[in-house]
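First the structure, in the form of structure tokens, and then the observations on it.
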Amino acid sequence: MARFRNVDLMRQADAFPYPGETETPYSTTVDTTRLVTLLHRNPDGTDQTIGLLLPQVVEALVQVPEEIRGPINYDTPARTLRAFEQPTEPERSAAVAAVMQRWREQKTFAILSGWRDELWPVYATSDPKAPEVLYSIERAAAGLLGVMRYGVHMTGYVRPEGGADDNDNSNLKIWVPRRAVDKSTYPSMLDNTVAGGLMTGEDPFECMVREADEEATLPEALMREKCQLTGTVSYIYITDERAGGEKGLIYPETQWVYDIELPADVVPSPKDGEVAEFYLWTVAEVQEALARGEFKPNCALILIDFFVRKGILTKENETHYDEIVRRLHREVPFPGPHQTA
């Protein structure tokens, strides 16, 4: 059985080549030189990148009647596409929805079989006070356009009785859920204590509170008292067959990362069917499951971030420490609140 180092797990989660690279060990599922850049034209006439599409997605979009999708501008030699540029956000969102619904009905892309009826935002600006939503897109369809995806992840942990030294984290225990066997994405893999996608207009912390109730039956009062934001992570993932659809889709992602120290008598329990069961594992047990590749890729990344922040993973015990930290906080040159989070 293959065993994975921490840096291997990071390269799987942050698999898109960096500037100057043509591929990485974990980006062989797609020829990134053939990707089409999705552009949005700013009011000042400049173009900005908002997504990265596979050629087959562009080909399918070209085949959609213009009265459904609206006009597009596909520069084949430059491999750039401008689309969904209707005058207002509701009109743009309606055009995107119409295209995705058509593809869903015609079974054009397998990923749309995981339709969630959740709308995710695509941003035109990075204003931290009022980021402009360009349009909203069905969650299952976001990967087809290769646009930014946002979510929240939380690590719930317990300190052993008598562990009064807050600087000694070697004896922590971590609540680890196993995803349900019938999940459309990464079924039966291990996950973070609580995680979820950020819908249009949703505040990250409120999303965290909602997901904690839905996935782990954690009380709202407890979350508001003890759940702490620790920062964000950003990376660019490339999907494989475990993602429940087409391989090679580009997922630029930012996650708001939270920790919660749970009392020993609080036991997370499944509620909405997305989690099969929870385990309370030592750090060593979590690290062993990571090495076996049992965690969903971006959940492995979140746990590695947790180990870095808690001083469990350091320059002294991890040869690839600097690369790991760099990949936790990748610069993603798309507009959105991740630029100022």
Side-chain angles (χ1 to χ4, degrees), residues 35-54 57-76 78-106 108-109 111-112 114-151 196-204 206-207 210 249-254 256 332-341:
L35 294 173
V36 176
T37 301
L38 179 62
L39 300 174
H40 170 66
R41 180 144 294 176
N42 297 315
D44 62 5
T46 60
D47 288 330
Q48 64 182 6
T49 297
I50 61 170
L52 294 168
L53 295 81
L54 297 180
V57 177
V58 180
E59 293 164 6
L61 184 61
V62 170
Q63 298 302 315
V64 176
E66 184 171 336
E67 59 266 25
I68 295 175
R69 58 165 164 76
I72 62 174
N73 185 325
Y74 180 29
D75 186 333
T76 307
R79 308 197 69 78
T80 61
L81 172 73
R82 286 180 28 225
F84 309 120
E85 295 192 319
Q86 288 80 359
T88 67
E89 181 273 321
E91 290 174 289
R92 293 188 290 270
S93 294
V96 173
V99 169
M100 299 306 163
Q101 185 61 41
R102 177 185 176 90
W103 285 347
R104 181 191 185 192
E105 292 171 354
Q106 296 183 347
T108 306
F109 296 105
I111 196 170
L112 297 181
W115 197 272
R116 301 285 291 271
D117 283 321
E118 295 180 14
L119 292 177
W120 282 9
V122 178
Y123 289 96
T125 69
S126 302
D127 184 343
K129 294 182 179 179
E132 179 189 352
V133 175
L134 189 59
Y135 47 81
S136 293
I137 184 171
E138 155 63 31
R139 173 176 181 165
L144 293 173
L145 299 189
V147 293
M148 280 297 303
R149 301 153 55 91
Y150 298 96
L198 199 58
M199 293 187 285
T200 299
E202 190 170 28
D203 174 78
E206 296 304 319
C207 177
R210 173 178 60 81
L249 295 176
I250 311 303
Y251 282 15
E253 296 188 340
T254 288
W256 276 259
V332 184
F334 298 175
H338 62 284
Q339 298 291 5
T340 53

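Only heavy atoms go into these numbers, but all of them, side chains included; no hydrogens, no water, no symmetry mates.
- Not one N or O on the side chain of Ser136 forms a donor-acceptor pair closer than 3.5 Å with the backbone of Ser93.
- Minimum interatomic distance between Met148 and Glu253 (heavy atoms only, all atoms of both residues): CE-C, 3.9 Å.
- Looking at heavy atoms from C-beta onward, Leu144 lies out of side-chain contact with Ile137 at the 4.5 angstrom threshold.
- Salt-bridge annotation for Arg104 and Glu138: absent, with no side-chain N of the basic residue lying under 4.0 Å from a carboxylate O of the acidic one.
- When each of Thr49, Val147, Leu52 is checked for a side-chain contact (heavy atoms from CB on, under 4.5 Å) with Leu38, only Val147 meets the rule.
- Here the side chain of Asn42 pairs no donor or acceptor atom with the backbone of Asp44 at under 3.5 angstrom.
- Expressed to the nearest 0.5 Å, how far CG of Leu81 lies from CG of Leu61 amounts to 6.0 Å.
- No donor-acceptor distance shorter than 3.5 angstrom exists from the side chain of Glu118 to the backbone of Thr200, with no hydrogens or angles considered.
- Note: Gln106 CD to Gln101 CD = 10.5 Å, rounded to the nearest 0.5 Å.
- Taken to the nearest 0.5 Å, the CG atom of Leu134 stands 9.5 Å off from the CD atom of Gln86.
- Using modelled atom types, one side-chain atom of Arg69 and one backbone atom of Val64 make a donor-acceptor pair closer than 3.5 Å.
- The nearest pair of heavy atoms linking Tyr74 to Thr80 is CD1-O, 3.3 Å.
- Expressed to the nearest 0.5 Å, how far CZ of Phe84 lies from CZ of Arg92 amounts to 12.0 Å.
- Of the N and O atoms on the side chains of Gln63 and Glu59, not one donor lies less than 3.5 Å from an acceptor on the other residue.
- Of all non-hydrogen atoms in Ala140 and Gly114, the two that sit nearest each other are CB-O, 3.6 Å.
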Legend entry - From CA spacing to verdict: side chain to side chain contact (heavy atoms under 4.5 Å, CB included), Trp103, Val57: CA-CA 10 Å; Trp103 285 347; Val57 177; 4.1 Å; yes
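- Taken from CD in Glu91 to OH in Tyr135, the straight-line distance is 14.5 Å, to the nearest 0.5 Å.
- Smallest separation of non-hydrogen atoms from Tyr123 and Pro335: O-CG, 3.4 Å.
- Using cut-offs of 30° and 60° on the angle between ring planes, the pair His338 and Tyr150 is tilted.
- The minimum heavy-atom distance linking Leu35 with Arg79 is given by the pair O-NE, 3.5 Å.
- When atom types are taken as modelled, the side chain of Glu85 and the backbone of Arg41 share a donor-acceptor pair closer than 3.5 angstrom.
- Here the closest heavy-atom approach between residue Thr125 and residue Glu132 is recorded as OG1-N, 2.9 Å.
- With rounding to the nearest 0.5 Å, the separation of CD1 in Ile50 from CG in Asp47 is 10.0 Å.
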